[in-house]
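To keep things clear, I will list the structure first and then write my remarks on it.
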Amino acid sequence: MRVTFERSGGFAGLIVTTSVDTATLPATETEQLQHLVQSANFFGLPAEIPAAPQPDRFQYEITIEDGNQHHTVRVGEASVPESLRPLLNWCMEKARRG
Amino acid sequence: MARNKRCKPSLNHICPICCILPPHMSDQIVLNGDSTQKEWALQSIRASEQFRERRAIVGALNFNVAIAGEKRRTIFDAGTGTDLPGKRVRGEGDPPTGDVMVDEAYDGSGATYDFFYDIFERNSIDSFGMRLDSTVHFDQKYDNAFWNGSQMVYGDGDGELFNRFTISIDIIGHELTHGVTQHEAGLVYKGQPGALNESMSDVFGSLIKQRTLNQTAEEADWLIGAGLLTDKVDGTALRSMKAPGTAYDDKVLGKDPQPADMSKIYTGKADNGGVHINSGIPNRAFYLAASEMGGYAWEKAGKIWYIALTDRLRSQSNFKRAANTTVTIAGELYGRDSDEKKAVQNAWKTVGVI
Ligand SMILES: [Zn+2]
């Protein structure tokens with residue numbers, strides 16, 4: 001499974017990106033990631049989660065390729081579904097640690 | 001419950017009532033209600049996308065709930081949670097609390113109110129004395145500040161890269177100006193109108209700082225978020241209006257991505273089409289115009305931009321529209337062949353918009 005993550009916007013306007021390939025992850029982390037993707041029902045989410053944009057909020061874009069599944073979700077910070085939040089936090093933590 | 005299409009869904013959690021009150025009814029309450037009813041109805045009208053038009057219909061006088069020139073600040077503490085507004089910790093006239101974020105938010109929103117009132121006779125964000133609510137200590141190590149449609153919100157920063165987001169008065173001015181824009185031009189938060197929306201916040205945020213420090217255009221640093229980056233970061237601020245693209249260059253944060261002119265405009269999808277990136281172009285146009293005019297930047301260039309924001313620009317206005325509009329306003333205010341009009345023209349030419 002490959003995950004590509006981008007957080008943009010915010011007052012600072014920084015673009016934070018990371019990509020993760022489970023082929024290079026320790027087994028425990030792969031398991032954790034698979035669990036997060038499942039509980040977010042990621043492949044069932046709409047490509048664009050609509051929201052009235054609030055100034056200076058973060059904007060997320062996350063793409064996951066897994067076997068023959070391929071899906072991208074774009075969502076603003078103010079309308080992130082609760083179920084998706086842990087996956088975004090996980091990606092953000094990955095991006096921070098480089 | 002059916003949601004009125006005029007309402008902004010983001011306001012629902014603040015004021016659930018506003019989205020079920022039909023516009024004609026709230027107008028009637030503003031005209032005939034007592035002060036509590038008026039306040040309530042005003043909240044509804046503020047949530048309306050047709051705010052500017054409806055204000056004109058109801059009439060300015062009837063809107064006046066708060067006394068002109070009187071600030072109504074309230075600071076809330078989210079206690080590192082995400083529920084808004086949080087616990088009320090300081091109201092108007094209360095003494096300092098000793099919590100630096102609370103007191104910076106209080107003083108900064110006061111300086112912002114005073115700026116708009118003293119320079120442009122504008123009574124608060126909506127021009128009718130709207131309360132200034134701020135929440136500090138939002139979320140954990142939150143590297144951001146924002147305007148949620150009805151209040152300001154500030155994070156503590158992670159302490160590694162970012163300090164607290166109340167540290168710089170131009171950030172506070174920036175957030176409040178988003179409120180002004182929402183009630184006036186209503187620039188959509190995407191693409192060029194979005195970058196103009198961002199630029200207006202930087203312009204007035206910087207002017208508020210300049211007035212607080214009593215600086216002329218020449219003396220000002222024209223930086224946005226000076227002091228926000230920690231000592232560990234190679235950078236002086238988040239943005240430079242004078243030299244977009246030069247505010248920071250750091251191994252963790254990367255390099256300041258702002259273009260200084262149209263040749264480098266960002267065309268990607270990130271950041272709602274680069275609203276915090278392409279704002280560098282109109283930001284520099286303002287800096288150039290103000291510098292060529294000289295003196296205090298809020299007196300002439302600030303006035304031109306304020307009239308554009310409150311009277312002339314519309315939700316879909318792009319850079320070219322902003323350029324032509326500000327040139328026209330400069331001509332109206334200072335004369336068709338005035339140095340001020342030439343300064344505005346030169347500025348937009350230098351950044352490649354006209
Ligand atoms: Zn902003």
Side-chain angles (χ1 to χ4, degrees), chain A residues 3-20 36 40 45-65 70-98, chain B residues 7-11 13 49 142-149 152-155 157-158 160-162 165 171 174-175 177-179 181-182 187-190 194 197-198 201 224-225 228-229 238-239 247-248 251-254 256-258 266 268-280:
Chain A
V3 178
T4 313
F5 168 84
E6 177 190 85
R7 190 195 75 182
S8 63
F11 175 79
L14 295 174
I15 298 177
V16 178
T17 54
T18 193
S19 51
V20 175
L36 291 173
L45 290 173
E48 195 90 42
I49 299 177
Q54 293 181 1
D56 298 326
R57 298 309 293 261
F58 293 119
Q59 189 188 324
Y60 297 96
E61 183 182 302
I62 179 164
T63 301
I64 300 182
E65 297 158 71
H70 183 287
H71 189 47
T72 299
V73 172
R74 301 166 66 83
V75 61
E77 185 188 0
S79 52
V80 173
E82 272 314 309
S83 59
L84 180 63
R85 201 173 294 275
L87 178 61
L88 294 180
N89 289 345
W90 188 91
C91 290
M92 202 48 217
E93 203 47 41
K94 272 278 165 213
R96 274 208 188 100
R97 290 186 186 159
Chain B
C7 291
K8 295 188 193 308
S10 59
L11 291 171
H13 65 288
E49 279 157 22
Y142 187 64
D143 279 337
N144 201 15
F146 63 90
W147 167 258
N148 82 340
M152 292 152 281
V153 182
Y154 303 95
D158 59 307
E160 279 291 310
L161 300 170
F162 291 95
F165 274 72
I171 303 178
H174 176 110
E175 295 311 330
T177 304
H178 276 310
T181 300
Q182 176 187 319
L187 291 155
V188 297
Y189 206 63
K190 200 176 179 114
N197 186 324
E198 267 305 306
S201 276
I224 300 299
L228 180 64
L229 298 173
L238 284 178
R239 292 185 275 280
Y248 59 88
K251 58 186 188 308
V252 181
L253 289 189
D256 176 358
Q258 285 212 311
Y266 172 79
K269 278 187 176 178
D271 186 25
N272 291 305
V275 297
H276 295 87
I277 300 170
N278 292 330
S279 56

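We use all heavy atoms of the structure for the numbers below, so side chains are in, but hydrogens, waters and symmetry mates are not.
Separating the CZ atom in Phe58(A) from the OH atom in Tyr142(B) is a distance of 5.0 Å, to the nearest 0.5 Å. Separation of atoms CD (Glu77(A)) and CG (Asn148(B)) is listed at 11.0 Å; rounding is to 0.5 Å. Taking CG of Asn272(B) as the reference point, atom CZ of Arg57(A) lies at 12.0 Å (rounded to 0.5 Å).
Phe11(A) and Glu175(B) make their closest contact through CD1-OE2, 3.5 Å (heavy atoms, listed as atom of the first residue, atom of the second, distance). Closest approach of Tyr189(B) and Gln54(A) over heavy atoms only: CE2-O, 4.1 Å.
Using non-hydrogen atoms only and a strict 4.5 Å limit, no part of residues 78-91 of chain A faces chain B.
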**Request:** I would like to know whether Ile15(A) and Ile277(B) meet side-chain contact (heavy atoms from CB on, under 4.5 Å); could you show each step before the answer?
**Result:** CA-CA 10 Å; Ile15(A) 298 177; Ile277(B) 300 170; 3.9 Å; yes

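Tyr248(B) touches chain A through its side chain: at least one heavy atom from C-beta onward sits under 4.5 Å away, while N, CA, C and O do not. Residue contact with chain A, scored on non-hydrogen atoms closer than 4.5 Å, involves the backbone and the side chain of Lys269(B) alike. Within the 4.5 angstrom heavy-atom criterion, atoms from both the backbone and the side chain of Ile171(B) approach chain A. Contact annotation for Arg74(A): only side-chain heavy atoms (C-beta onward) come within less than 4.5 Å of a heavy atom of chain B. Neither the backbone nor the side chain of Glu160(B) comes within contact range of chain A; no heavy atoms are under 4.5 Å apart. With a 4.5 angstrom heavy-atom cutoff, Gln258(B) does not touch chain A via any of its atoms.
With His276(B) contributing its side chain and Gly10(A) its backbone, the two residues share a donor-acceptor pair below 3.5 Å. The closest donor-acceptor contact from the side chain of Asn144(B) to the backbone of Asp56(A) lies under 3.5 Å.
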